[in-house]
Every structure is written in structure tokens, then in C-alpha cells.
Amino acid sequence: MTLHAKSDASYLSKTKSRSRAAGFFYLSTKPKNPAKAPAPNDHSPPLNGAVSIFSSVLREIVSSTTEAELAALFDNGKEACPMRIALQEMDHLQPPTPSSPTTKQQAVSPTMTCVRNDQRQST
């Protein structure tokens, strides 16, 4: 089982210049190579139904659609970390998680690393 997520945002859709973020998380079949990140042009895996749906109004006021999309991607990443950690603890290896841009405006492609609280290094 591999956790998959779809992230989206709407720009200036709420009063007082607020934007919305949404996420759709589902489990699907294991990738061919779990150690390798999927290519941006790979087909989406089969959908087995949602395990979590995330929706919120962004606390930050963003100045563009791209910033709203990146804020939504960040919020969805925070939501996905506990699910990824739980799956890994149940011996379901999770592949690296690059974000694959869905539009030409999304030029940034960050990767996500989830660390349990008891594994964090104290500074």
C-alpha cells in the first residue's frame, strides 16, 4: 500500500482576501520500485477510495495563485506525514515524495521527509 495525495487551492475565494486549500489522500497499489520517486509523467495509480480529505482556509494572505498552491502543498504535506509514518511502521514502504507540478506555473518541486517526534534531534 502506498499513500497518494492530490493537492489543490483556490485563490481569493473567501472574504478578507483569504484562499482555500484542499487535499485528497488515498491508498493504492505498491509502486514498481518503492525506492525510486515516480516520474512526473507517470499515470496516476488506481484509486481505492479516500482515507482522508483535508480542507481549510489558509491563515496567510497570499499574493498569487502559485503561492496559494504552494501553501496548500505544504499544509497537505503536514497532514500526510502521520499517515506515512503509520504505514511505514506497518512495513508498507513509501517511495520518496516529490511533488509533481500540475501546471506550468508551479516551478518549485520540493520533497517531503517525515520524521517521528521521538526521532527528531534536539538542538
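- Distance check, rounded to the nearest 0.5 Å: CD1 of I85 to CE of M90 gives 12.0 Å.
- The heavy-atom pair separating A21 from A72 by the smallest distance is CB-CB, 3.6 Å.
- Hydrophobic clustering (side-chain heavy atoms under 4.5 Å, transitive across Ile, Leu, Val, Met, Phe, Trp, Tyr) groups F54 together with L87.
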- Message: I'd like to know whether L58 forms a side chain to side chain contact (heavy atoms under 4.5 Å, CB included) with R18, so could you lay out the CA-CA distance, the side-chain angles of the two residues, the decisive distance to 0.1 Å, and finally the verdict.
- Response: CA-CA 6 Å; L58 296 177; R18 299 292 182 189; over 6 Å; no
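- With hydrogens and angles disregarded, no donor-acceptor distance shorter than 3.5 Å links the side chain of Y11 to the backbone of T66.
- When every heavy atom of S13 is checked against every heavy atom of R20, the shortest pair comes out as OG-CG, 3.6 Å.
- With a 4.5 Å cut-off on side-chain heavy atoms, F25 and E79 count as touching.
- Nearest heavy-atom pair across P82 and K78 is CD-O, 3.4 Å.
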- Task: Test side chain to side chain contact (heavy atoms under 4.5 Å, CB included) on M83 and S52 and set out the steps.
- Result: CA-CA 9 Å; M83 291 182 268; S52 179; 4.0 Å; yes
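- Within the 4.5 Å cutoff, no side-chain heavy atoms of L73 are placed close to those of E69.
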- Trace of the side chain to side chain contact (heavy atoms under 4.5 Å, CB included) decision for M1 with S28: CA-CA 6 Å; M1 273 188 291; S28 192; over 6 Å; no
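- By the 4.5 Å heavy-atom criterion applied to side chains, D75 and S56 are counted as neighbours.
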- Message: As a quick check of understanding, evaluate side chain to side chain contact (heavy atoms under 4.5 Å, CB included) for N76 and D8, giving each step before the final call.
- Response: CA-CA 9 Å; N76 282 305; D8 197 14; over 6 Å; no
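- Using a 4.5 Å cut-off on side-chain heavy atoms (C-beta onward), L27 and L3 make contact.
- By the ring pair (Phe, Tyr, Trp, His ring centres under 6.0 Å) test, F24 pairs with Y26, sequence neighbours left out.
- Note that CD of Q94 is 5.0 Å distant from OG1 of T2, once rounded to the nearest 0.5 Å.
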